[in-house]
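Each ligand, and each atom within it, is numbered from 1 in the order the structure gives. Atoms considered below: every heavy atom in the structure, side chains included; atoms not considered: hydrogens, waters and symmetry mates.
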Amino acid sequence: MDPRPERDARGLVLVVEDDRAIADLVGLYLRREGFGVQVESDGASGLAAVRRLRPVAVVLDVGLPGMDGVEVCRTLRAEQDWTPVLFVTARDDEVDRILGLEMGADDYVTKPFSPRELVARVRTVLRRSGIAPGREEVLQVGAVSAHVDRRRVQVADAEVALTSTEFDLLVHLMRAPGRVFSREQLLSAVWGYAASAGTRTVDVHVAQVRAKLGPGNPIRTVRGVGYAADAS
Ligand code: CA
């Protein structure tokens, strides 16, 4: 795993593909178009990379070792993660599975495909999802704004310094305003594991984020359930 993926002007595209030659070719064309590229070669590391790196789009092979592409997408959607997904598929029966995924796939290409076509599809998927390439994702809930790519948070116009984990936690909540997340869901999304014994970690970090954001803090405790980010 590359610990420092490139983040180019148009944003980072995650390519999950176990065929090295295809991954290299796709990466080459995406970079040429100004995207940053991170490659993962199996479903589990692909899933972890989406959570960790927050790419602008995922090029997701269906046939992957272990957890396959459809399962990766299903897991993301179940977590309310709507990162645009462009599936790459080799077989007709895979297409059926992709189309059976309600609201799961943003588009797909079938192998063999031309890399030029794939890049065009990535751009289409980004346009459709409202993410303009090269423009930064900014989340706003109440007085708090999070500049996702620059990893900066402001309350009104004042800069607030959060640790990396605090930032990821806040952004995860702010991406779905009003939605209540359990501690387990937050653990799994932000820390990358689900351990009920560790849910106290979530409380500690929420308390730290609240203290740093002050009166503008958008995180609400939902008794017996978890946390949500609200405007009021
Ligand atoms: Ca494959």
Donor-acceptor contact present, side-chain S188 to main-chain E184, <3.5 Å: no

Partners passing salt bridge (charged side-chain N to carboxylate O under 4.0 Å, His left out) against R20 (at least two apart in sequence or in another chain): D24

Residues that D81 engages under salt bridge (charged side-chain N to carboxylate O under 4.0 Å, His left out), provided they are two or more places apart: R54

Main-chain N/O of T201 paired to H205 side chain as donor or acceptor, under 3.5 Å: yes

Check: G142 main-chain N/O paired with Q140 side-chain donor or acceptor under 3.5 Å: yes

Atoms of protein origin (N, O or S) under 3.0 Å from the Ca ion (ligand 1): D18 OD1, D61 OD2, G63 O

Shared-cluster residues of V180, by chain and number - hydrophobic side chains joined below 4.5 Å: V222, V225

